[in-house]
Amino acid sequence: MPAVDQPSKLAQRSLLSRVMIGVLSLLAIGGCIVSLAAFAYGKNAARQSYDRLLVGAANDIAESINIIDGAAIADIPVSAFGLLSLALDDRIAYAVRGPDGALLTGYETALPPEGAARRQADPFYYDSTLQGEPSRFVTVVRRFSERDYSGTVSVTVGQTLRARNAMAIDLTKGALVITGLAGIALILSAYLVIRSAMRPLERMANELLARDPYDLTPMQADGPAEVAVMTDAMNRFMQRLDRQIGAMKHLISDTAHQLRTPVAAIRAQAELAIEDDTEHQPQRLERLLRRTRSLGNLLDQMLSRALVIHRTDNAPPEPVDLRDIALQVLDECDPELLAPGVEVDLIITDAPVIVMADEVSVTEAGKNMLTNALQHGKAPIRIGVSTSPLQSELWVEDAGKGPGHDILSRIGGRFERSAASQGNSAGLGLSIVHAVAEAFNGSVNMGTTETGFRVTLTLPSQNEDNT
């Protein structure tokens, strides 16, 4: 039992781990995408925030420029540097330039690119370096039209990117913390959901492990659709296994039950033959021969029934021509041996009579039908086939009246003998025919006709309309 439990648990853990690895992979990919998106968002937010500070400082400086004695004078306000001082670790630079690009005040390093003076509608942003460090600059242009001064004055303000990068990293970290917590919650939720989804499989495994080895009753399909499909397949398998085990049990019990009396009778006849005088020995040996023949017939029918039940559960149905079955039955039964002097007429059609069945099983059924007619019926005997769009028939008919209605209702059960058998039949022949009919969705019909008593094996026809 431990050898069965361990692989089962490993299989369950393996399935759970595979699903969890898939979920974690999806979450990891999603986390990478969210991280990149969060960093891009943080960088953009930091740029917009500090760009506003830059343009605010540049506008403050531009507003402080006055024209005195025909010259542009910039009185740099403290408020401009107050805005820029919010980034404590960053370096700043500014420059105020006249119409000809001459530096009025500030630093030469804050040099606007060519064409910045012509961009008067909006502030002009650009990236450059400040003392070898990546920086962000903005240029604001103010136009003057006075009597003693006419032209433009540009104000350029630059700042390094330390505060911007720090802000972007902080925003990204915050987003990642929230994303990480959400990811952990999703992982736990996914684990619980997957465990809950797999609980029907565990319940099924535990139910199978707790079952008695001989309990093959159907399992309840009360789980999800995927589990229900598996349960249905297992139920069908157990049903087939139950039929096989039942057939094996019947064969064993039937063998033990049916062989006991013939074997005892044979032993008694043999002992009497040994003890009797030579005058009575031929009679004893004749009885002994009849008993052994009866025992041989019994064994043949029991093995035939076991073969039919085994094949009907394991051999897939194939197209079978009932005309070939009738020919094979007539060839294998040997009427001269079973009923010397009795002729058997074969009645078949020119067109094929196709059914979906197992050739061996249908042949065994036909042989038992013909054997039963030869042993207990009246000549003449006929075997034939007939067909219609919906069903096809293999039948055997003799000239007798057949058994009475009360006996006819019981024929077909295992070891059910008719009065005509006089104790020489095992009673399994028509039971085999019934088993074949049941296996291939057919039926067995017995009754009198205008010419005698007929036993018919009816099976669904296989033609273009129902293929």
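No donor-acceptor pair closer than 3.5 Å links the side chain of Thr456 to the backbone N or O of Trp395. Without hydrogens or angle criteria, Thr349 side chain to Ala351 main chain gives a donor-acceptor distance under 3.5 Å. Judged purely by atom type and a 3.5 angstrom limit, Asp331 has no side-chain atom pairing as donor or acceptor with the backbone of Leu327. Between the side chain of Ser461 and the main chain of Gln391, a donor-acceptor pair closer than 3.5 Å is present. Of the possible polar contacts, none joining the Ser196 side chain to the Leu192 backbone as a donor-acceptor pair under 3.5 Å is found. Asp321 places a side-chain N or O within donor-acceptor distance of the main-chain N or O of Val353, the cut-off being under 3.5 Å. In terms of modelled atom types and a separation under 3.5 Å, the side chain of Thr449 and the main chain of Gly447 share no donor-acceptor contact. Asp90 contributes a side-chain N or O that, together with a main-chain N or O of Ala163, makes up a donor-acceptor pair within less than 3.5 Å. The main-chain N or O of Met219 is found under 3.5 Å from a side-chain atom of Asn235 such that the two form a donor-acceptor pair.
Classification of Glu207 and Arg211 as a salt-bridged pair holds, one side-chain N sitting under 4.0 Å from a carboxylate O. Salt bridge absent: Asp350 and Arg323 never bring a charged side-chain N and a carboxylate O closer than 4.0 Å.
Val436 and Leu457 make their closest contact through CG1-CD2, 4.4 Å (heavy atoms, listed as atom of the first residue, atom of the second, distance). Closest approach of Thr129 to Ser135, counting heavy atoms only: C-OG, 3.9 Å. Leu176 approaches Ser35 most closely through the heavy-atom pair CD2-OG, 2.8 Å. In this structure, Thr217 and Met238 approach most closely via the heavy-atom pair O-CE, 3.6 Å.
Every salt bridge (Lys or Arg N to Asp or Glu O under 4.0 Å) that Lys367 has, sequence neighbours left out, goes to Glu332, Glu364.
Other residues, nucleotides and ligands place more than 12 heavy atoms under 6.0 Å from the OH atom of Tyr125.
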Next on the checklist: The test is side-chain contact (heavy atoms from CB on, under 4.5 Å); show your working for Leu161 and Arg47 and say whether it passes.
Outcome noted: CA-CA 9 Å; Leu161 306 180; Arg47 170 172 287 191; over 6 Å; no

Item to check | Stepwise side-chain contact (heavy atoms from CB on, under 4.5 Å) test for Met20 and Ile187 | outcome: CA-CA 8 Å; Met20 287 302 300; Ile187 292 173; 4.2 Å; yes

